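Chain A is the first sequence line, chain B the second, and so forth, proteins listed ahead of strands; every chain is numbered from 1. Since the model is a prediction, treat every value here as computed from it, not as a measurement.
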Protein chains: 2
Amino acid sequence: MRMSEGVEWALHTCLNLTWLPGDQAVPTAKLAAFYALPAAYLNKQMQALARAGIVSSTPGPRGGFRLARSPEQITVLDIVVAIEGPDEAFRCVQLLKQGPGADPAVDYRQACLISQAMHRADMAWRRELAAQTLAGLKADVEQQYPAAPGNTSSALRA
Amino acid sequence: MRMSEGVEWALHTCLNLTWLPGDQAVPTAKLAAFYALPAAYLNKQMQALARAGIVSSTPGPRGGFRLARSPEQITVLDIVVAIEGPDEAFRCVQLLKQGPGADPAVDYRQACLISQAMHRADMAWRRELAAQTLAGLKADVEQQYPAAPGNTSSALRA
DNA sequence: GTAATTATACTCGGATAATGAGTGTCCGAGTAATCGGGG
DNA sequence: CCCCGATTACTCGGACACTCATTATCCGAGTATAATTAC
């Protein structure tokens with residue numbers, strides 16, 4: 001079980017965008033250059049974020065991406081789901097349907113107690129991710145690394 | 001991000017083993033037939049469980065697998081880790097090392113606040129899984145599906 | 001000088017290959033039960 | 001009848017192919033800017 005690397009890229013990139021004026025769009029090329037990432041592939045991730053309504057895209061010169069809503073209204077979970085998709089890590093294939101004494105009418109994704117246990121854990125994971133907003137991360141970084149906002153802002157404007 | 005199907009197989013199989021006398025070994029062939037699974041591949045998963053010390057294996061006639069310790073001492077997390085490996089889903093590649101103002105001496109898997117957020121979520125997930133033991137699942141199933149233990153036991157003995 | 005028009009360069013967006021983990025299969029090493037023979 | 005030894009059949013264990021999601025890349029559609037021309 002391994003999470004896509006794109007999640008890390010998206011999280012860092014979105015956080016970087018919080019330090020820019022809201023009306024300024026940044027093209028993929030600059031966002032990628034910031035961490036020496038392959039621009040075309042980061043673009044793919046940004047597309048996913050755009051489809052999820054987390055960022056908005058503008059084509060043409062002076063175009064690029066910007067946050068579609070305020071950092072307070074973007075959770076870490078939002079970004080993870082946008083990249084990884086909405087499905088849980090554990091996908092019950094309903095083994096019990098193949099076992100003895102199975103009822104074909106029952107949806108074992110609901111009834112199976114193992115499924116329920118895995119689902120509970122997944123919910124706990126999501127709850128933790130949903131509790132963190134971009135704004136919260138931004139504030140924490142500003143407190144712990146005061147130089148970061150200035151560095152980021154100037155690098156992305158250049 | 002998708003969990004290996006082997007986790008589901010391993011969980012169901014271990015749970016089935018709780019309904020057999022502790023001194024009885026069951027060969028992979030029977031464990032696999034119970035859910036119409038490919039025996040050789042289930043065997044691979046059982047090997048992982050054996051390496052993790054969750055089940056013990058016995059070769060030769062009348063051999064097979066049995067639980068290596070009591071169901072009270074086996075958590076769902078133990079089984080998940082045995083199959084999926086100990087690593088977290090989110091693997092920080094330390095993007096910040098490639099960014100401006102990076103300190104080469106810093107381990108950003110520790111320092112990066114995004115890593116920390118993802119790590120907290122992972123810990124919550126693991127905590128939830130560690131709270132469930134095989135004995136607990138066994139008891140819940142016995143209460144909700146009283147016929148299950150008998151069915152399982154007889155099918156695996158046959 | 002101003003406004004309309006054309007040309008241009010830059011952006012995203014989706015369609016198309018390459019890679020690696022996960023999936024599935026096979027055969028060999030080792031062991032316990034079984035069968036046969038001898039005491 | 002009991003004991004010992006060789007045989008046999010059965011088990012796990014790791015080594016070997018295959019599939020598909022993830023990763024990575026490229027080129028085309030569309031747009032705002034900038035230059036050009038006419039008035």
Legend entry - Between C:dG22 (P) and A:Met3 (CE): distance, integer Å: 14 Å
Legend entry - Atom-pair distance (CD1 on A:Ile83; C1' on D:dA21), nearest Å: 15 Å
Inset, instruction - Scan residues 4-18 of chain A for pairs that pass salt bridge (Lys or Arg N to Asp or Glu O under 4.0 Å), counting only residues two or more places apart or in two chains. - result: none
Inset, instruction - At under 4.0 Å between heavy atoms, which parts of nucleotides 6-18 of chain D does protein reach? Answer with one letter per nucleotide, 5' to 3': B base, S sugar-phosphate only, - none. - result: ----BBSBBB---
Do any side-chain atoms of residues 39-54 of chain A form donor-acceptor pairs under 3.5 angstrom with protein atoms, and if so which ones, sequence neighbours left out?
unit_1  : atom_1 : unit_2  : atom_2 : d
A:Tyr41 : OH     : A:Gln45 : NE2    : 3.4
A:Asn43 : OD1    : A:Thr28 : OG1    : 3.4

Listed pairs under 3.5 Å, donor-acceptor, residues 113-122 of chain B side chains, sequence neighbours left out:
unit_1   : atom_1 : unit_2   : atom_2 : d
B:Gln116 : NE2    : B:Gln110 : O      : 2.8
B:His119 : ND1    : B:Glu88  : OE2    : 2.4
B:Asp122 : OD2    : B:Arg126 : NH1    : 2.4

Legend entry - Atom pair distance, as rounded to whole Å: CD in B:Glu84 and P in C:dA21: 14 Å
Inset, instruction - Check the distance between C:dT25's P and B:Gln45's CD and give it to me in whole angstrom. - result: 13 Å
Inset, instruction - Please state how far atom CZ in B:Arg2 lies from atom C1' in D:dC20, giving the value in whole angstrom units. - result: 9 Å
Inset, instruction - Could you state the atom-to-atom distance from CG of B:Leu42 to C1' of C:dC26 in whole Å? - result: 16 Å
Legend entry - Phosphate contact (D:dT25 OP1 or OP2) by A:Tyr41 side-chain N/O below 4.0 Å: no
Inset, instruction - For B:Glu5 and D:dT19, give me the distance from atom CD to atom C1', rounded to whole Å. - result: 13 Å
Inset, instruction - Please name all residues satisfying salt bridge (Lys or Arg N to Asp or Glu O under 4.0 Å) with B:Asp107, sequence neighbours left out, ordered by chain then number. - result: B:Arg109
Legend entry - Contacts of A:Glu72 that satisfy side chain to side chain donor-acceptor pair (under 3.5 Å) - sequence neighbours left out: A:Ser70
Legend entry - Integer-rounded Å distance: D:dA24 P and A:Leu37 CG: 9 Å
Legend entry - Distance-only polar pair, side chains of B:Glu142 and B:Trp19, donor-acceptor under 3.5 Å: yes
